[in-house]
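Quick note on labels: first sequence line is chain A, next is B, and so on, each numbered from 1. No hydrogens, no waters, no symmetry mates; every other heavy atom, side chains included, goes into these values.
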Amino acid sequence: MAKAFGIITSSVDQKVEGLQEYRPIGAISFMGRYRVIDFPISNLSNSGIINIQVYISSKPRSLAAHIGTGRHYNINSKRGRIQLLFPTEQKLNAVYNTNINALYENMDYIKMQHQEYVVIVPSCMIFTQDLNELLQDHAASGADITVLYHKVTDAKEGYSTCNEIALDGNRVKSITPFLEDTETENISMETYVMKKDLLLKLIADAKATSSMYTLANIINAETDKLDIRAVEHKGVFAPLTSLDSYYKASMAMLDKACAADLFSPDWPIYTRTSDSAPTRYLAGSCVKNSYISNGAVIEGTVENSIIARGVKIGKGAVVKNSIVMAYDTVGEGAVLDGQVVDKYATIRPGTKVVAPAGQVGYVRHSDVL
Amino acid sequence: MAKAFGIITSSVDQKVEGLQEYRPIGAISFMGRYRVIDFPISNLSNSGIINIQVYISSKPRSLAAHIGTGRHYNINSKRGRIQLLFPTEQKLNAVYNTNINALYENMDYIKMQHQEYVVIVPSCMIFTQDLNELLQDHAASGADITVLYHKVTDAKEGYSTCNEIALDGNRVKSITPFLEDTETENISMETYVMKKDLLLKLIADAKATSSMYTLANIINAETDKLDIRAVEHKGVFAPLTSLDSYYKASMAMLDKACAADLFSPDWPIYTRTSDSAPTRYLAGSCVKNSYISNGAVIEGTVENSIIARGVKIGKGAVVKNSIVMAYDTVGEGAVLDGQVVDKYATIRPGTKVVAPAGQVGYVRHSDVL
Amino acid sequence: MKQNEMLAMILAGGRGSRLLALTDKVAKPAVSYGGKYRIVDFPLSNCANSGVDVVGVLTQYESVLLNSYVAKGGLWGLDTKDSGVFVLTPREKADAGLDVYRGTADAITQNIDFIDTYDPKYLLVLSGDHIYKMNYDKMLQVHKAQGAAATIAVMPVSLEEATRFGIMITDENDRIIDFEEKPAHPRSTLASMGIYIFDWKKLRKILVEDKDDPNSAHDFGKTIIPTLLNGGEKLVAWRFEGYWKDVGTIDSLWEANMDLLTDNNDLQLDDPTWKIYTEDATVLPAFIGPNAEVDTAYITQGASVEGTVKHSVIFTGAVIEEGAKVIDSVLMPGVTVKAGAVVTRALVADGVTIGEGAVVGSADSKAITLQAQDV
Amino acid sequence: MKQNEMLAMILAGGRGSRLLALTDKVAKPAVSYGGKYRIVDFPLSNCANSGVDVVGVLTQYESVLLNSYVAKGGLWGLDTKDSGVFVLTPREKADAGLDVYRGTADAITQNIDFIDTYDPKYLLVLSGDHIYKMNYDKMLQVHKAQGAAATIAVMPVSLEEATRFGIMITDENDRIIDFEEKPAHPRSTLASMGIYIFDWKKLRKILVEDKDDPNSAHDFGKTIIPTLLNGGEKLVAWRFEGYWKDVGTIDSLWEANMDLLTDNNDLQLDDPTWKIYTEDATVLPAFIGPNAEVDTAYITQGASVEGTVKHSVIFTGAVIEEGAKVIDSVLMPGVTVKAGAVVTRALVADGVTIGEGAVVGSADSKAITLQAQDV
């Protein structure tokens, strides 16, 4: 077991429009089977970090039920622990709703942890990373903080609420809000390794400086005093900063190489099972280039789409380029194109919901169209 | 399995001074080993009601961690379920913080339940009751609602936030706030059996009448329209309405007959284990008429007290008529009498904390005296 | 209501030799079925859904996989404080050496000590190789209401089929007045499903008496039921309606899978109020490729279909490459069908690879082809 | 870091006949210890705390209680998706009949198929009847750093004690150069603790070779270690310091309990960073009555003390009535000592009732009295 405990921070700046109104980003469904938080928790668990704090900023029900005791993430319920930490007071102004504030309110529970190091990961970015390797390298390097980044060459889009990192070799010069000024940027993955005591000091310092300070702000403020190093991440990296970025990250998985990178047999991504039966493809159904979860019944046409569990797609219905979430019903002859359909929605027979090219539509939770 | 699901309502009117500042009443320790919510959950589980909604009004962390998936309550995690329901919005005025509001906010989750009946129990009253028997009798009686009550003959104290029931035979004439007008009263145990559909209707009706209406208010308003019957409960009954009533309910257990009534081998009260080692009684210790949990180390004197797990009582210390909660330290030569000492407190060597006769003192969480 | 009023014992010791190579390395109850399940998931899920919380699984043959599988009681939610799934194999005792179970009844007899630790009122005896959904609690209610010593679940079959079953002859109140094993001329069409509820005290007494009888078959059908009948005890038949299949042969296992392809099949595996639980694989949803053709299929997560699938059941992790064809077949977990291969009317065993262009099975063959080796 | 890099196998098959009546109905690893524990809680908790997630428990004798106990892997948190505690008893196989384990090594050999399903790099072999806390992960780190074929945990003992153990003779780098079983004239004082880490591939090869050798004892100490040594493989001794006790006799079991009464005893059962997990009883905290006298005691929840307890260990559910005296004794779970009875230097077995005024044991007797029947 690793000499670190894990902290999964809650999303506050990112807005996955529509979906986020019903649950935090960590609880959003991905690939019809996972939830976003399965990635950071599996990364920690696979790295032997089984003492984990999950900060939840709002609407805890679905996340708390999904995570449970963590047995499905291979977290030993006696030796390991997934502790859910809720906000102790409602913020009357959203500016107070920072990750530092959440940590500050629970400093007692951070102090209590036995481990010397802490690994901090975000709940709203999809990637895989051996965090124990990062921890070992951090400890060996003598650095105060190690931060993970991803070099992007398409920095024009999808990173609007991220931070970018300026580097001098592998030393961090600054961590500042992303600006669309160049195409190549080092995007911060909001993933940090440091000693627990340093984290406690940073939280206190941040609070003393400004109630609006985030973790990135305070680390940026310390770049001249602390030895902060950056490690580059390779592979799939998808920060969920908007409905558009969520849709693109999902659709990218229809590329086999991309899916193989994120879902490697050596690095399992665990999730909670819903005990659904396999999916039935009835006579006359036509399915191409799609992921189909269990518990669905398909009688119509599905192309370039992701179908979650329990979805019913009626005779003659056509679903293209869409993400259809759990327990949706697509009626006979209905057409969906370029849509993200939230859970328990009903598309009535014959209804056509088609997004303009290059755009993504969103259908609300439990809605009937 | 019973044909009902269970609802455990959160405490809102009751104030167990001191203790309640740190957790809801359901999460308060009882007898050094249990938490108050173990009683309603065990009652439901022993009655075969394993689909349970627990409404939490505030500070959910400790209650969520204690309940977990409910395996320790014999709740099958596949077939049964303990669903924690949190408030969806912070109330800006405490008057909105009613049990009806909590139910109203989660009406979707009530509608979803398969079972025909619902059994509603409070999280802040200690008693045992076969709820399946109550359910069977309710169904056989043809009544719309069955409510459980306890006849008390010492109604002068400890029931200030309870409701009293006026009866005509076994028919309920009214459920109204308790008044200290007579010594004998039928105290409502806030335990109801009815059909799910009736509950949904009552919630809607209550909301339409007043945002301050409680479940008892709306049932009282319906006494002329509905067939509401009362069933008398026998045995230990302890509503936790104040620090004083909590202290008395605890101390009453030092009477063997009283403890034997509440803790019968036929009706196990389940709780989460802390995996503490047995308690060590060192040479020179003197313990009389007390309950001692595991993981304690006792070198001093303990009389008429309840000692929770992990407590250290130093040489020459004297603890009398007190409830000492988990991980407290009582230093050498310190004296406690008539105290409720919250968790993680330290009584420094030689300190004397003695309550006036007939009164109860409270020592705060993590405090050092 | 008392926890553990009724204990269940699943007889899972059979060699299942009619399943040929499928049971070479796994016991029959561990054989895969229906895309993601194992046969033993059915009695275990039925127990969990019926509120039967303690289940003993009696195994002895090649049971390492079965043992470690059923030991994960949490798969069925049977891992609460007072519940559990317990593997019971023959044991060496202070007064007896190690010996195999000599019959279905002997398997229970050898585990009387285990049952006694729970002191149940009723014992539910099940078979580990039937596919069906049943509410054992309903059966128990009838058993109690009738005040029976034993209640036997029965299913109406045709007169022709009746010659292959144990047949119960009952009076108008469902009381069993006689019993015939595979009668040439059946006097009734109520077939025993091999599902029994016993009054434990009465059964225990008979088992102890039977234990040292050298002429006994130590079998429920052959020994225990006749003994109870002859002793004048009240035996009751409980009629079951619904899907039930003994998957004892390759053909019947294939058929039971094919049954899932009919619209609204009787088994209703997607009924949310009576789920069949099983081990969850850490895999992606099923991937259906850009050029795939899928027509009438039952496909589970972790499968990858880039070729053609017609009227087939595809299990976890099965891979069908572009240009491959799978028709009227069952692909067990981890099967790979390479490009250009054609599989017809076949059951392909776990992990087998059908090489490029290979042909397995035939539309014309009467029997189903079992393919248990790479080809 | 890979899940299940090292698998643990606990040898729990012993009859433990030196524990006399205590093992009449339970296997030795299931014997109670320390107020609330069973002996097997120690290796199982050590595994959980060391991150060893899959544990096979090899049992064969009177193991119904042990089997159903260890099957509840959740007691030690060993019930996550890819972890588990698996009971492994002798099995009937396609190519072999049912046979008892013929020795410690044969018990592993008969379960090669189980181990292979996890494909571990290392195999940890443990005994089910020792009381100690050990971080097997630290031992594994040494095993890896040394590149050993096998690493054996050793403990320094006195020269006199050394004659009763398997003794390892090592060079200055802890490499084992020779091994002597119970030597009359020990050349070293490093005693084997019966705790081994093996390179699984190398061990597997030797086990397969040893399997059909009719002259082999199929034993780790007698067969496997010498074979590895003679084959020139690197064997390393890993020194353990701390509390360790083989509770093979009534006296040593009593002693191990009494050790808990010393201030700051070595075992430190209340260390929150290395808890020993066990089944939790649904009982009240210990009740100490108004007239009780308790002086130097180790008492667990569910006990009720209304008499006198001096220098004793009191297990779950034990009842000491007013006027009864318990001195220098161990009361196992559920023991009742009636009014006026006196128990001295005794170990009272589970559930035994000491009647009113009865006298058990004596302050003068050298041996500890085992009281296994009501008196």
Side-chain angles (χ1 to χ4, degrees), chain C residues 3 13-17 21 23-27 54-57 59-75 78-101 110-118 279-282, chain D residues 3 13-17 21 23-27 54-57 59-75 78-101 110-118 279-282:
Chain C
Q3 182 88 7
R15 283 204 174 224
S17 44
T23 48
D24 268 4
K25 283 285 164 194
V26 301
V54 177
V55 185
V57 180
T59 72
Q60 61 188 352
Y61 167 72
E62 276 299 358
S63 44
V64 65
L65 193 150
L66 179 64
N67 287 8
S68 41
Y69 183 67
V70 302
K72 297 185 172 188
L75 296 181
L78 294 171
D79 61 343
T80 70
K81 181 157 181 51
D82 295 331
S83 71
V85 181
F86 301 99
V87 178
L88 300 167
T89 57
R91 280 165 289 124
E92 191 186 8
K93 298 191 184 66
D95 58 354
L98 183 64
D99 200 0
V100 297
Y101 294 142
Q110 286 204 34
N111 288 289
I112 285 178
D113 51 354
F114 170 81
I115 300 169
D116 281 347
T117 59
Y118 288 92
E279 187 163 44
D280 186 53
T282 301
Chain D
Q3 181 88 8
R15 282 204 176 223
S17 44
T23 48
D24 268 3
K25 283 285 164 192
V26 301
V54 177
V55 185
V57 180
T59 71
Q60 61 188 354
Y61 167 73
E62 274 300 359
S63 43
V64 65
L65 193 150
L66 179 63
N67 287 8
S68 40
Y69 183 67
V70 302
K72 297 186 171 186
L75 296 181
L78 293 171
D79 62 343
T80 71
K81 181 158 180 51
D82 295 332
S83 71
V85 181
F86 301 100
V87 178
L88 300 166
T89 55
R91 280 167 287 124
E92 190 186 9
K93 298 190 185 65
D95 59 353
L98 183 66
D99 201 0
V100 297
Y101 295 143
Q110 286 203 35
N111 288 290
I112 285 178
D113 51 354
F114 170 80
I115 300 170
D116 281 347
T117 59
Y118 287 92
E279 187 162 43
D280 187 53
T282 302

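To the nearest 0.5 Å, the span separating OG1 on C/T282 from NZ on D/K81 amounts to 4.0 Å.
Of the options D/T59, D/L88, D/T89, a side chain to side chain contact (heavy atoms under 4.5 Å, CB included) to C/T89 is made by D/T89 and by none of the others.
When side chains are defined from C-beta on, D/L65 does not count as touching C/T117, because their heavy atoms never get closer than 4.5 Å.
Every salt bridge (charged side-chain N to carboxylate O under 4.0 Å, His left out) that D/K72 has, sequence neighbours left out, goes to D/E279.
Smallest separation of non-hydrogen atoms from C/A71 and D/F86: CB-CD2, 4.0 Å.
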From CA spacing to verdict: side chain to side chain contact (heavy atoms under 4.5 Å, CB included), D/N67, C/V87: CA-CA 8 Å; D/N67 287 8; C/V87 178; over 6 Å; no
